[in-house]
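Below you'll find the structure, written out as structure tokens, and then a few comments.
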Amino acid sequence: STLPLKLLMLDPWLMVVDKPAGLLTQPGLGPDQQDSVITRLQRKEQGLRLVHRLDRDTSGVLLLARSADALRRLSALFAERRINKLYLADVEGDLHGRGCIASPLARLSRHPPRYGSHPEGRLALTLWKVCAACAHGTRIWLRPLTGRSHQLRAHLAELGHPIVGDPIYGDAARSFRLHLHSQALSFRHPFTHRRVRLISQEVPFATEF
């Protein structure tokens, strides 16, 4: 993705950007996977550090720390589940109402990396609520209460409603991109102690409607 990174917030301690779909959060292993959010931003500000990650094909709100102290405090908020995360997704099939998915997730394969329920996995909790019917199936709100790798993608696939365009857990042919978007983050600022609510300015999956 050559799309520019939209700045949502900048203060002395943190930076928040809107990540486009198709751009890695951090560099991968091969020479063709060196372009990423963090490498682009560190060219202008070397001390920036990622606080969390979004999968390459997931778009939306991404939080970065501008110092080691900020990274430590923000990471603690994530670890203590004091950062509220809200995602928007389109899933295959008809889904109604709301629910909670609770299952321990573990990595089941490496290439491609695939996660799923496993008795020795780490507990993962996802709240979901239907937003509207959409052209591909059902548009839903997602609130992950834990932050496991591929949590939302694996949980929805296990529910029988994989995210539209998911090349690992669903049918990639149904869309040119994964229909998963980090819509908002909210938390108490670790330095000013004010409530911060960051909302993506992107229109998710707009090109398909």
Side-chain angles (χ1 to χ4, degrees), residues 1-3 5 17-43 48-64 71 75 78-79 85 87-93 95 101-126 128 136-138 140 142-183 200 202 204-205 207-208:
S1 173
T2 54
L3 294 170
L5 292 162
V17 296
D18 238 344
K19 182 182 110 47
L23 180 64
L24 290 162
T25 300
Q26 62 186 9
L29 294 174
D32 58 332
Q33 294 184 39
Q34 294 311 295
D35 184 27
S36 71
V37 172
I38 192 66
T39 47
R40 288 186 190 185
L41 293 175
Q42 281 179 341
R43 283 183 209 133
L48 276 175
R49 297 289 180 267
L50 289 165
V51 183
H52 65 127
R53 290 159 186 75
L54 295 175
D55 292 342
R56 180 180 63 188
D57 298 321
T58 303
S59 53
V61 181
L62 185 69
L63 176 61
L64 302 104
L71 176 62
S75 297
F78 269 101
K85 297 167 278 188
Y87 287 77
L88 195 61
D90 292 339
V91 298
E92 295 180 22
L95 202 53
I101 308 166
S103 68
L105 294 178
R107 184 162 62 186
L108 305 180
S109 68
R110 282 185 178 274
H111 302 292
R114 186 186 179 96
Y115 294 77
S117 282
H118 191 280
E120 293 174 21
R122 299 170 73 194
L123 180 64
L125 296 165
T126 302
W128 61 268
H136 300 277
T138 310
I140 62 173
L142 291 162
R143 191 177 288 283
L145 301 182
T146 49
R148 310 296 178 224
S149 294
H150 285 204
Q151 175 174 323
L152 299 176
R153 298 166 67 180
H155 267 173
L156 287 159
E158 289 188 356
L159 197 63
H161 296 276
I163 296 174
V164 169
D166 194 324
I168 297 174
Y169 301 92
D171 180 6
R174 292 206 56 196
S175 170
F176 77 99
R177 66 156 288 192
L178 178 74
H179 281 224
L180 181 61
H181 182 70
S182 170
Q183 180 68 26
S200 172
E202 295 291 321
F205 337 127
T207 48
E208 300 218 359

Rounded to the nearest 0.5 Å, the CG atom of Asp90 sits from the NE2 atom of His161 at a distance of 13.5 Å
Of all the heavy-atom pairs spanning Arg153 and Pro167, show the shortest one and how long it is.
-> NH2-CD, 4.0 Å
Residues Ile38 and Gln26: closest non-hydrogen pair is CG2-CA, 3.7 Å
Could you check whether the rings of Tyr169 and His150 sit parallel, tilted or perpendicular, using 30° and 60° as the cut-offs?
-> perpendicular
What is the minimum heavy-atom distance between Val61 and His52, and which atoms define it?
-> O-CE1, 3.8 Å
To the nearest 0.5 angstrom, please state how far the OG atom of Ser109 sits from the CD1 atom of Ile168.
-> 8.0 Å
Kindly compute the distance separating OG (Ser117) from NE2 (His155), expressed to the nearest 0.5 Å.
-> 6.0 Å
Considering all heavy atoms, the nearest Leu23-Arg40 contact = CD1-NH2, 3.6 Å
What one should report as the nearest heavy-atom pair of Ala124 and Arg148 is CB-CG, 3.7 Å
Taking His118 for its side chain and Arg107 for its backbone only, find out whether a donor-acceptor pair lies under 3.5 Å.
-> no
Verdict with supporting geometry, Gln42 and Arg49, side-chain contact (heavy atoms from CB on, under 4.5 Å) = CA-CA 8 Å; Gln42 281 179 341; Arg49 297 289 180 267; 3.2 Å; yes
Just do the side chain to side chain donor-acceptor pair (under 3.5 Å) check on Thr39 and Gln34 with the steps written out, would you?
-> CA-CA 8 Å; Thr39 47; Gln34 294 311 295; over 6 Å; no
Quick one: does Gln151's side chain get under 4.5 Å of Pro144's, heavy atoms only?
-> yes
Take Leu180 and Leu142 through the side-chain contact (heavy atoms from CB on, under 4.5 Å) test and state the conclusion after the steps.
-> CA-CA 10 Å; Leu180 181 61; Leu142 291 162; 4.1 Å; yes
Non-neighbouring partners of Leu145 that pass side chain to side chain contact (heavy atoms under 4.5 Å, CB included), sequence neighbours left out = Leu125, Leu127, Arg143
Side-chain donor-acceptor pair under 3.5 Å between Ser200 and His181, yes or no?
-> yes
Across all chains, not counting sequence neighbours, the side chain to side chain contact (heavy atoms under 4.5 Å, CB included) partners of Leu54 are Lys19, Thr25, Thr58, Leu62, Tyr87, Ser182
Minimal heavy-atom distance between Ala106 and Gly121, with the atoms involved, is CB-CA, 3.8 Å
In chain order, what residues pass the side chain to side chain contact (heavy atoms under 4.5 Å, CB included) check against Gln33, with sequence neighbours excluded?
-> Leu24
Out of Val91, Ile101, Leu152, which residue meets the side chain to side chain contact (heavy atoms under 4.5 Å, CB included) rule with Trp128?
-> Ile101
Side chains of Thr146 and Arg122: is there a donor and an acceptor less than 3.5 Å apart?
-> no
If you measure from CG on Asp55 to CG on Asp166, what distance do you get to the nearest 0.5 Å?
-> 8.5 Å
Side-chain donor/acceptor of Thr138 to backbone N/O of Leu95, under 3.5 Å = yes
